[in-house]
Amino acid sequence: MTAAPWLAEDILEVATGLLGWRLVSEVDGERVSADLVEVEAYAGETDPASHAFRGPTSRNASMFGPPGTLYVYRSYGIHWCMNVVGREPGVARAVLLRGAKIVEGFETAARRRGRRDHLADGPGKLTQALGVTGALDGHDLGRAPLRLVGPGRAVGGVVTGPRVGISKATNRPWRFVADGWAD
DNA sequence: TAGACGATGACCT
DNA sequence: GGTCATCGTCTAG
């Protein structure tokens with residue numbers, strides 16, 4: 001796996017391909033890196049659980065952007081959640097980044113989170129640890145202050161299951177969790 | 001313009 | 001394991 005996973009044909013390939021890739025945040029000049037271990041795929045207009053199911057709005061506009069774009073939205077009025085846009089502009093397909101393992105900048109992440117455990121094992125926690133907010137909505141993940149770099153670590157296996165926290169299209173097993181590392 | 005709800009997380013038991 | 005805080009966004013009227 002050397003090509004950017006968000007260029008894959010199928011959004012499910014994009015999702016699994018992202019596992020093991022490294023998020024490098026330099027928000028506020030503080031570097032925090034995290035390896036992706038949990039993602040979910042959303043298929044835009046054909047997926048009732050997707051924010052883009054009803055077409056573009058001001059909120060989800062960046063979801064219709066080019067591959068490698070970051071889509072950030074506020075959840076429950078409290079948390080920020082981030083997605084990687086996959087495939088061509090105009091087709092809303094995205095991968096929700098649900099969890100990662102902090103591999104660099106532990107102290108910064110811990111300070112932002114206000115605790116030293118459970119730093120990035122949920123979508124809202126991940127964005128908080130990396131300093132990601134709505135200000136980065138529409139950001140190009142090939143550039144600072146937030147980059148997605150790879151090829152990633154080889155995952156030992158991929159566990160699939162139903163997506164979390166949604167009420168529509170719950171039958172689609174589009175949640176992907178890395179089952180340890182191969183190396 | 002008002003009402004409903006949500007791709008969650010923290011805290012308490 | 002269960003409950004609740006909290007507010008941006010969408011939709012209907």
Side-chain angles (χ1 to χ4, degrees), chain A residues 5-6 8 10-19 21 23 25 27 32 34-65 67-87 91-102 106 108-139 141 146 148 158-178:
Chain A
W6 51 86
D10 184 28
I11 191 64
L12 302 186
E13 286 183 33
V14 176
T16 54
L18 280 170
L19 291 174
W21 276 56
L23 278 165
S25 167
V27 175
V32 178
D35 290 345
L36 287 171
V37 297
E38 184 176 351
V39 300
E40 285 180 4
Y42 288 87
E45 299 94 328
T46 61
D47 183 357
S50 169
H51 286 172
F53 182 58
R54 291 185 176 83
T57 67
S58 57
R59 174 200 189 188
N60 64 25
S62 53
M63 211 167 159
F64 291 81
T69 299
L70 190 69
Y71 164 48
V72 183
Y73 69 93
R74 192 181 280 285
S75 171
Y76 290 83
I78 308 170
H79 317 286
W80 294 106
C81 297
M82 62 178 162
N83 297 247
V84 177
V85 176
R87 290 307 290 167
V91 178
R93 279 186 278 179
V95 176
L96 170 69
L97 308 185
R98 286 194 57 88
K101 176 175 175 52
I102 302 293
F106 179 90
T108 298
R111 191 185 69 249
R112 285 174 174 157
R113 292 277 298 121
R115 55 194 302 163
R116 303 184 68 79
D117 56 355
H118 298 288
L119 291 180
D121 57 350
K125 304 176 197 179
L126 176 60
T127 54
Q128 188 178 16
L130 295 180
V132 174
T133 68
L136 284 174
D137 184 38
H139 172 72
L141 284 168
L146 184 66
L148 193 50
V158 178
V159 178
T160 64
R163 292 174 293 184
V164 176
I166 59 173
S167 57
K168 301 159 193 159
T170 54
N171 57 327
R172 302 186 189 190
W174 285 3
R175 176 168 174 250
F176 303 96
V177 183

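Residue numbers begin at 1 in each chain, while the letters A, B, ... track the order of the sequences.
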Undergrad: Measure from the side-chain heavy atoms of A:Ser50 and tell me the nearest of B:dA7, C:dT11, B:dA10.
TA: B:dA7

Undergrad: Touch check for A:Arg74, heavy atoms < 4.0 angstrom, all strands: base, sugar-phosphate only, or nothing?
TA: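 Sugar-phosphate contact only - A:Arg74 comes under 4.0 Å of backbone atoms but never of a base.
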
Undergrad: Taking the six-membered ring for Trp, does A:Tyr76 stack with C:dA5 (centroid gap under 5.5 Å, planes within less than 30°)?
TA: no

Undergrad: Would you say A:Arg113 reaches B:dG9's phosphate, i.e. side-chain N/O to OP1/OP2 under 4.0 Å?
TA: no

Undergrad: So which of A:Leu119, A:Leu146, A:Thr108 actually passes side-chain contact (heavy atoms from CB on, under 4.5 Å) with A:Val32?
TA: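 Result: among A:Leu119, A:Leu146, A:Thr108, A:Thr108 is the only option passing the side-chain contact (heavy atoms from CB on, under 4.5 Å) with A:Val32.
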
Undergrad: Hey, which sits more toward the 5' end of DNA chain B by its nearest nucleotide, A:Arg115 or A:Tyr73?
TA: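 So the residue in question is A:Tyr73.
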
Undergrad: Can you tell me which nucleotide in B:dA7, B:dG9, C:dC10 comes closest to the side chain of A:Lys125?
TA: B:dG9

Undergrad: Working to the nearest 0.5 Å, report the span between CD of A:Glu45 and CE of A:Met63.
TA: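 Answer rounded to 0.5 Å: 8.5 Å.
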
Undergrad: What dot-bracket string describes DNA chain B from 5' to 3', counting Watson-Crick and G-U wobble pairs whose defining distances are under 3.5 Å, with [ ] for crossing pairs and | for pairs to another strand?
TA: ||||||.|||||.

Undergrad: Starting from P on B:dA7, measure out to CZ on A:Phe176 and report it in whole angstrom.
TA: 18 Å

Undergrad: Could you pick out which residue, A:His118 or A:His51, lies toward the 5' side of DNA chain B when each is mapped onto its nearest nucleotide?
TA: A:His51

Undergrad: I need the single residue from A:Asp47, A:Thr160, A:Val39 that forms a side-chain contact (heavy atoms from CB on, under 4.5 Å) with A:Trp174. Which is it?
TA: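 When side-chain contact (heavy atoms from CB on, under 4.5 Å) is applied between A:Trp174 and each of A:Asp47, A:Thr160, A:Val39, only A:Asp47 qualifies.
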
Undergrad: Among the nucleotides C:dT6, B:dG6, B:dG9, which one has an atom lying closest to any side-chain atom of A:Ile78?
TA: C:dT6

Undergrad: Look at all strands and tell whether A:Met82 reaches a base, only sugar-phosphate, or nothing, counting heavy atoms closer than 4.0 Å.
TA: nothing

Undergrad: OP1 or OP2 of C:dG8 versus the side-chain N and O atoms of A:Ser75: is any pair under 4.0 Å?
TA: no

Undergrad: Looking for any heavy atom pair under 4.0 Å, which part of the strands does A:Arg175 touch: base, sugar-phosphate only, or nothing?
TA: nothing

Undergrad: Counting only side-chain heavy atoms from C-beta out, which of B:dG9, B:dT8, C:dT9 sits nearest to A:Arg59?
TA: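 Nearest to the side chain of A:Arg59 among the choices is C:dT9.
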
